[in-house]
Amino acid sequence: MEFSLQSSRLWEEVVEQTKVAKEKGIDPLLWALQVSSSLGTSGIALPSTELAHVLVNYICWDNNIPILWKFLDKALMMKIIPPLLVIALLSQRVIPSRRSHPAAYRLYLELLKRHAFALKCQINGLDYQEVMESIDATLHLSEIFGLQTTEPAILVVEFIFSIVWQLLDASLDDEGLLVLTEEKVSRWAIKPQEMEIDGHDMYDEKNIAYRERLQNFITTMAIEIIGQFLQNKVTSRILYLARRNMSSHWVSFIQSLELLGANSAALKNSKVLPSEALLELTSDSRIFLSRECKTSSRQKFHAVMAFGSLASSVSLCPGASRSDLWLPLDMVLEDAMDGYLVNTTSAVEIITGLTKTLQAINGTNWHDTFLGLWIASLRLVQRERDPIEGPMPRLDTRLCMLLSIMTLVVADLIEEEEGAPTDETEYGSTNHWKEMKFPRKRRADLVSSLQVLGDYQGLLAPPKFVVSAANQAAAKAMLFVSGINVGSAYFECVNIKDMPFSCSGNLRHLIIEACIARNLLDTSAYYWPGYVNGRINQLPYSVPAQAPGWSSFMKGAPLTSVMINALVSSPASSLAELEKIFEIAVNGSEDEKISAATILCGASLIRGWNIQEYTVQFITRLMSTPVPADFTGSDSHLIDYAPMLNVLIVGIASVDCVQIFSLHGLVPQLACSLMPICEVFGSCVPNLSWTLPSGEEISPHAVFSNAFALLLKLWRFNHPPIEHGVGDVPTVGSQLTPEYLLLVRNSHLLSSENTHKDRNKRRLSEVASSSSPEPVFLDSFPKLKVWYRQHQRCIAATLSGLVHGTTVHQTVDRLLNMMFRKINKGSQSITSVTSGSSSSSGAGIEDNSLKPELPAWDILEAVPYVVDAALTACAHGKLSPRELATGLKDLADFLPASLATIVSYFSAEVSRCVWKPVVMNGMDWPSPAANLSNVEEHIKKILAATGVDVPRLSAGGSSPATLPLPLAAFVSLTITYKIDKTSERFLNLAGPALESLAADCPWPCMPIVASLWTQKAKRWFDFLVFSASRTVFLHNSDAIVQLLKSCFTATLGLNIAPISSNGGVGALLGHGFGSHFCGGLSPVAPGILYLRVYRSIRDIVFITEEVVSLLMHSVREIACSGLPKQKLDKLKRSKNGMKYGQVSLAAAMTRVKLAASLAASIVWLSGGHGLVQSLIKETLPSWFISVHRSDRDQGSGLVAMLGGYALAYFTVLCGAFAWGVDSSSSASKRRPKILGSHMEFLASALDGKISLGCDGATWHAYVSGFVSLMVGCTPNWVLEVDVDVLRRLSKGLRQWHEEELALALLGIGGVGTMGAAAELIIEHFDS
């Protein structure tokens, strides 16, 4: 209390001293010295916050005279009072009273210009914390901005932002513009609290004209100071921090600033800052951290790492193409065409995420991004425009990707922008104001990309079977622009070939129609230059009154056989047509239901690209038919729908149809729909049947077998449960299970904000909810669960558990008697071999009675023991190979679903290696000798481009072909099947299992199997040989490495010395495979081979180390083969490595990025999240710590630098592929932990806590490159990193003189690093 009184008396003395000095007219400097001396004598630390309050209170407003403002200025110059606090205090007093005290406002602006920009000396003062806390208390910064912090540097950011904003609102108010803002009023005190009364002025300001001129001048001066804040290298960067971390406030601020720039009359009088300049300053391109690139390595990095637009990057680099930017997308699209891959995730979701990733990393605009999407998907179609025959996805799946999936991806990307929230609180810190202002830019870019796409005629040529559809689309456009309005009925009746005018369409016409159907475009696209070939005056043909087709059906025509055939053979053109068919399938008669199901599974599913997503949804919903309200039966209601369900199941069982469902993300829901069908019909005794309209009779066994076979295609049921395990991430194998499929399906039910915002998730959620709004679990299907557990036990351990006298044992006997009835008559039963039972000889039993009338589940339970008994009997000579194959075929014919259990058993037994091999000699077992050598020659041709040696299949005929007994039995069984539509769905189940089984056996088992099958199916020769060629890599890890090396060599064009040699996507993926090239089977591109091989590689972890090694080897090859020695020497001697041979170095860096892009794609596709996690947490740290052989060859310094950049680009791409660049995917939840550990490694190494063995230039380039890419491409990642780690990284970068990069890192690190960023800005730029 005593101290307070003393302090009060002291300030009274200072006021009195000031009053005397004012009256005597003492020189301001002398006054300042006297005050400083008296305060020092009294023990007051200077500068003094209390004195600042005293002086401002004294001046405002009783002593508002010029000499006191001079006293105040001298006090500031003598550092007696803190300038920032004085500015804060004056802003609260002067700005609201600027109209009654314009001179004071002008003096305040002068003080602002002198002292607000000199921040460095003020943050280094001992009273820094106290001053900023006093400013916070004065201006209520924490309360207004909502940042509850006492960190002084954060308060500096808030202070600068508030001062500029106060000037802005005051200027708007002075010009009558404040009422035009959204808030109408200012959040700052810019108007007096009490009525202003003239008469306080000490100057001649009563002249109204003079005061108006003065006021206009001061307003112009205030606006010019705002411009200074936006232009100054320190304050502009501090304002950038405000923009990133106070985004909702920034939106209001920038709106007001643009309002001022567009409407200010005072700006017209400014000679310093015209309105155009102020508007330019408001753009995001001018408000950023690192305007000047003083750091040479950062300049060099940005010069070569920034992709820019497609055109600009390609123009610098001979040999590069537009497609190279999108190489990962090409690989993902081609990978999705693997018939053995049934993905649980929608291709729309995968490609949308990948597109956003590549758009961010490549730095492309949306025009180039959309163009890249179309080009990649067109390449996918052209790659297999004439595909080879075999049980694999054909052109239908590729066209689905181009015309359905890709347009849905584009639709989602456009909806993401146009459906973005307008509430300011929704804008994240990384959103750009310019994008917010123009929400329809993506749609405009789609239009421009499709217009440019017309220049790619080579990619647009339609495959043969879609020529008619393309021509029809072109004819439709021509008729429209000619003013002739016809419906689809016209084209249903008139053949395009018969039209008298030319309607040559291409794939772009089909793309445009798909976009129009989804409201991405309108019919104005028909008027684009060159889209149609002229016009016509009238229709050449009139439309018949009634013709079978969708138009007449919609008008009420009945579903006659002719109508059904017409609707099956032509796709629906609208959702309304599909909805009517679906309504019939739900509510129609028995025959109508079957007809509607047949129509849905026809052309509308395969070629209905404009409505395909609805077709698959309707089919899925029909397979989950709810219980009718009037149903009273004791059995399942599904039994009444058996004919329709069977038609649906058979209709979608082809390889292409399964892939189409997979691409649309409906595999989990399809599995959920099939499980109850299997449960119900598998539990039925086959004593009832149904007759289809075609006359075909089906039983519960048939319905069950068809459903069960389709269900098993949806996961790799014949594989061991543990495969591809990486680190602590769940294995890929463990995810491909019925439980996982149901888990994914149940996740679609979850309703969240993201689901409502994500168009694709909405679709999946609607389908899942329509079948069952509740989660479904495997426990709901007890019979299926019992079979599945038995299947797992069969794979994991030797078969056991058959107890004599049990129901299962009796079923085993009955099945064996049925299979081997001719052998069993009058002889010992086959079952005696394993069970010791001789009681069931089967003698005298009629053939019909041999077939057990048992539910399918009971039969499946016995099948493993049946097959085991039969195989054991064959091994002991009690059963000939032919009898074994015939018996197994009889079992499979009796219950086709038993083929699945047979596959399961054989797969398990082959892996146990307990059966002796058998000789495929043509007597006991079929012989492959007829074409084994031919298969060998073709395998060599296929692999010719890889440089891999193919092991000899035989040594001069001295070594007979042998196979393990279970494999020999399995292949003998499969070749008994006819290759027709009925057998196709079961061969599609057995085929992949047979190939996988043969591939796991020693070489040359798979070529032998292929030779046997080529004798059976000659038209599948190319497919079978290609399948056999893949197994070369599965038995030799060196061959895999050589294949990977071939991928890099082909992509980079390094097989020829000049760096400009051809490479890229075309060389990597080529033109698919087949015998339609050059009159014979051609070498297959290495990328295609790897994409068809990697899923069978068990030890996938070693891929990461090999890829890193190949990437660094490729960098050396690029640097050394692309630049002559003398150029390399000059590049090393030049200051930044870019002054000499700039184009050559740019070309080299483009190829380095291409190599890194390929490497990242391989790692991500090969092992997904698990392999990326292993790479970042284990492989890369180990690589940096290890000592590598120093490359003393030419250009080693450049090689080290390029190697570091390559690794940085590779790592960021891997992370972006796995986690995305934002937080929209579920995988992004894994990112903080893995990224955090890697950033901790970088920070620890920079701290000196970890010793590195790699080249210092490589490490420097890696760290700076990795951080630069994070800052520029994935800023959301930085927000997930620990603040302390970011500060340590920033410190390490500053030690490398990378101040700009250190600042950029801190600048986007969120509020936690904003203070450190502000201090770095002031220290580094305030000179």
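Without hydrogens or angle criteria, W690 side chain to Y641 main chain gives no donor-acceptor distance under 3.5 Å. Here the side chain of H701 pairs no donor or acceptor atom with the backbone of C684 at under 3.5 angstrom. The backbone N or O of A642 sits nowhere less than 3.5 Å from a side-chain atom of N646 that would complete a donor-acceptor pair. Under the 3.5 Å distance criterion, the side-chain polar atoms of K593 are matched with a main-chain donor or acceptor of V586. Judged by distance alone, the side chain of K783 and the main-chain N or O of W857 form no donor-acceptor pair under 3.5 Å. Using modelled atom types, no side-chain atom of T901 and backbone atom of P864 make a donor-acceptor pair closer than 3.5 Å. Judged by distance alone, with hydrogens and angles left aside, the side-chain atoms of S996 form no donor-acceptor pair with the main-chain N or O of A993 at under 3.5 Å. No donor-acceptor distance shorter than 3.5 angstrom exists from the side chain of S769 to the backbone of E766, with no hydrogens or angles considered. When atom types are taken as modelled, the side chain of H664 and the backbone of Q612 share no donor-acceptor pair closer than 3.5 angstrom. Put simply, the side chain of K1016 never gets that close to the backbone of T974: no donor and acceptor are under 3.5 Å apart.
Atom CD of E883 and atom CG of D890 lie 11.5 Å apart (nearest 0.5 Å). Summarising the geometry, atom OH belonging to Y865 is positioned 9.0 Å from atom SG belonging to C794; distances are rounded to the nearest 0.5 Å. Note that CG of L1012 is 7.5 Å distant from OG of S972, once rounded to the nearest 0.5 Å. For the atom pair I795 CD1 and E909 CD, the distance stands at 11.0 Å (nearest 0.5 Å). Distance check: L888 CG to D893 CG gives 11.0 Å after rounding to the nearest 0.5 Å. We find the CH2-OG distance between W787 and S904 to be 6.0 Å, quoted to the nearest 0.5 Å.
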Before giving the answer on side-chain contact (heavy atoms from CB on, under 4.5 Å), spell out for V767 and H748 the whole-Å C-alpha distance, their side-chain angles and the decisive distance to 0.1 Å.
CA-CA 9 Å; V767 176; H748 294 161; over 6 Å; no
Could you check S911 against D1000 for side-chain contact (heavy atoms from CB on, under 4.5 Å), going step by step and ending with a plain yes or no? CA-CA 8 Å; S911 66; D1000 286 340; over 6 Å; no
Going through the distances and angles, do F708 and L784 end up as a side-chain contact (heavy atoms from CB on, under 4.5 Å)? CA-CA 10 Å; F708 194 59; L784 174 61; 4.2 Å; yes
Open item on the list: Using the rule given for side-chain contact (heavy atoms from CB on, under 4.5 Å), can you reason through L965 versus L871, listing the C-alpha separation, both sets of side-chain angles and the distance that settles it, and then say yes or no?
Closed with: CA-CA 8 Å; L965 176 58; L871 197 64; 3.7 Å; yes
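Across every non-hydrogen atom of P643 and I698, the tightest pair is CA-CD1, 4.1 Å. For the residue pair D338 and Q659, the shortest heavy atom distance occurs at O-NE2, 3.6 Å. Closest approach of A653 and K713 over heavy atoms only: O-NZ, 2.9 Å. The heavy-atom pair separating F704 from A856 by the smallest distance is CD2-CB, 3.4 Å. Between M623 and L674, the shortest heavy-atom distance links the atoms CE-CD2, 3.3 Å. Across W925 and C874, no two heavy atoms sit closer than the pair CZ2-SG, 3.9 Å.
Side-chain contact between V616 and I660: present, with at least one pair of heavy atoms (C-beta onward) separated by less than 4.5 Å. Proximity of L994 to L967: side-chain heavy atoms (C-beta onward) are separated by under 4.5 Å at one or more points. Residues V918 and D924 form no side-chain contact, since every pair of their non-hydrogen atoms from C-beta on lies 4.5 Å or further apart. Counting heavy atoms from C-beta outward, P852 and F894 have side chains that approach closer than 4.5 Å. Put simply, the side chain of P926 does not reach to within 4.5 Å of the side chain of Q1015, judged on heavy atoms. Residues L741 and C672 form no side-chain contact, since every pair of their non-hydrogen atoms from C-beta on lies 4.5 Å or further apart.
In this view, S673 and S624, Q669 satisfy the side-chain hydrogen bond (donor to acceptor under 3.5 Å, both in side chains) rule, not counting sequence neighbours. Under the side-chain contact (heavy atoms from CB on, under 4.5 Å) criterion, R793 pairs with R789, Q790, not counting sequence neighbours. By the salt bridge (Lys or Arg N to Asp or Glu O under 4.0 Å) test, K785 is found to be paired with D779, residues two or more places apart in sequence or in another chain being considered.
The environment of OH in Y614 is sparse: at most 12 heavy-atom neighbours from other residues, nucleotides or ligands sit within 6.0 Å.
The one candidate from L600, V658, L605 that meets the side chain to side chain contact (heavy atoms under 4.5 Å, CB included) condition with I652 is L605.
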